[in-house]
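To start, the structure under review is shown below, and the notes come after it.
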Amino acid sequence: MRDWSKTLRRASFRGIPFWVDAEEPEVGRRVVAHEISGGEASLTEDMGARTKTIFVEAYVAGDLADVAGHALERACGAPGASLLILPMDAGEAAHCLSCSRNRRKDRNGFIAYRLEFMRAGGGVSFAASGLGQLRAAFDAGVAAVSALIAAQL
Amino acid sequence: MEQVLTILSGLSRELILDTDDLASVDALAVAAQAGGDSGVGALMQLARLTGEAAADANAVPDAVDRVQDETPLWRLVALVVVCFAVVRADYPSRHDAQAARSAVSARADIVFGEAGIYGSEAIAWLVSMAGVATLYLSRTAAERAPAVRVESGVSLPSTLLAYDLYGDAGRAHELVDRNRVATSLVMPVSFEAVAP
């Protein structure tokens, strides 16, 4: 049988790791129902994909739970989208909409968080601009190729 | 090499308007005249700068195509210029991005065939750059609204059509530019528009 604890990813946002108690991604379509007066059937219209939102019940635990918790709060408060990795999802760019802490006196060393994310749209993708990648591809080979071309001239 | 450098310098001075970038163009052109490895390297950097710093990135492929030179080196340099220009250009509709992607692939196919004389490393370098550019264009195409043909039945002013289509009369110039209409007050009865 599959060993789930070994095959799931360690969750993180902006590179700050956390443990996941529950994750609830929401995907779907924006569908409008046109209910026409006097009509017996309603018309439905698909208006496109709904923006994916992800609720995560996260926690940090251990002797350094307070430090790990503060790091997670700072990562969630930083501006801009960043990489969100969840146990069963590959990383995707997401904005953190809210991060609420839940610490209880009878559970010392365990800090729970309620996180809310929204998938980032194309215009704000981080470090994925075509120009940056193209510059990297150009710089990777320009010296060697220039020498090859010069040898043929 | 000298001929390609002359063409590229002329092209960069035509496309680039920024003073700092023009100073870089002069420096690279002087470096390229030295010839040898460093000269070709400077030529390639000049090609990159031309695509990257052109004031109107959308105009670059047409400007490159106007050049009458059929040498393999020019076509290779032109591919570098176009790759950098297309990732900066604006594509209002899916159709525009797809057309740009087809144009880049067609241009790259010719260059890949000719670049064999420079060795496999040169081909791999060109494939990686054209790959990044086409991948970016595919992603852009997926995010843009498709272009549609609008039939109005009667000639109407572009501002009224823009208001009817998008609820924003300010987008009238988009319709005029896209259809290359000279008379914006009387638009054709059938024209192309970005899907509302």
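Within every chain, numbering begins at 1; the chains are lettered A, B, ... in the order of the sequence lines, protein sequences first and strands thereafter. The structure presented is a predicted model; accordingly, all values stated were derived computationally and were not measured. FYI, side chains are in, hydrogens and waters are out, and symmetry mates aren't considered; it's all heavy atoms of this structure.
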Task: Salt bridge A:Arg114-A:Glu57, side-chain N to carboxylate O under 4.0 Å - done: yes
Task: Distance flag, aromatic centroids of A:Phe18 and A:Phe13, threshold under 6.0 Å - done: no
Open item on the list: Between A:Asp66 and A:Arg103, does any NZ, NE, NH1 or NH2 come within less than 4.0 Å of an OD or OE carboxylate oxygen?
Closed with: no
Task: Proximity breakdown for B:Val80 and chain A, heavy-atom pairs closer than 4.5 Å - done: side chain
Task: Proximal component of A:Ala143, with respect to chain B [non-hydrogen, under 4.5 Å] - done: neither
TODO: For the pair A:Tyr59 and A:Phe110, name the ring-plane relationship: parallel under 30°, tilted 30 to 60°, perpendicular over 60°.
DONE: parallel
Task: Value rounded to 0.5 Å, distance of CD1 in A:Ile54 from CD in A:Glu24 - done: 11.5 Å
Task: Neighbour count above 12 (heavy atom, 6.0 Å) for B:Tyr163 OH - done: no
TODO: Measure distances from B:Leu76 to the heavy atoms of chain A and classify the residue's part below 4.5 Å as side chain, backbone, both or neither.
DONE: side chain
Open item on the list: I'd like to know if B:Arg144 pairs up with B:Asp90 as an ion pair, taking the criterion as any Lys NZ or Arg NE/NH1/NH2 lying under 4.0 Å from an Asp or Glu carboxylate oxygen.
Closed with: no
- [ ] Name, in order of residue number, those residues of residues 40-74 of chain B that have a heavy atom at a distance of less than 4.5 Å from a heavy atom in chain A; otherwise write 'none'.
- [x] B:Val40, B:Gly41, B:Met44, B:Gln45, B:Arg48, B:Glu52, B:Leu73
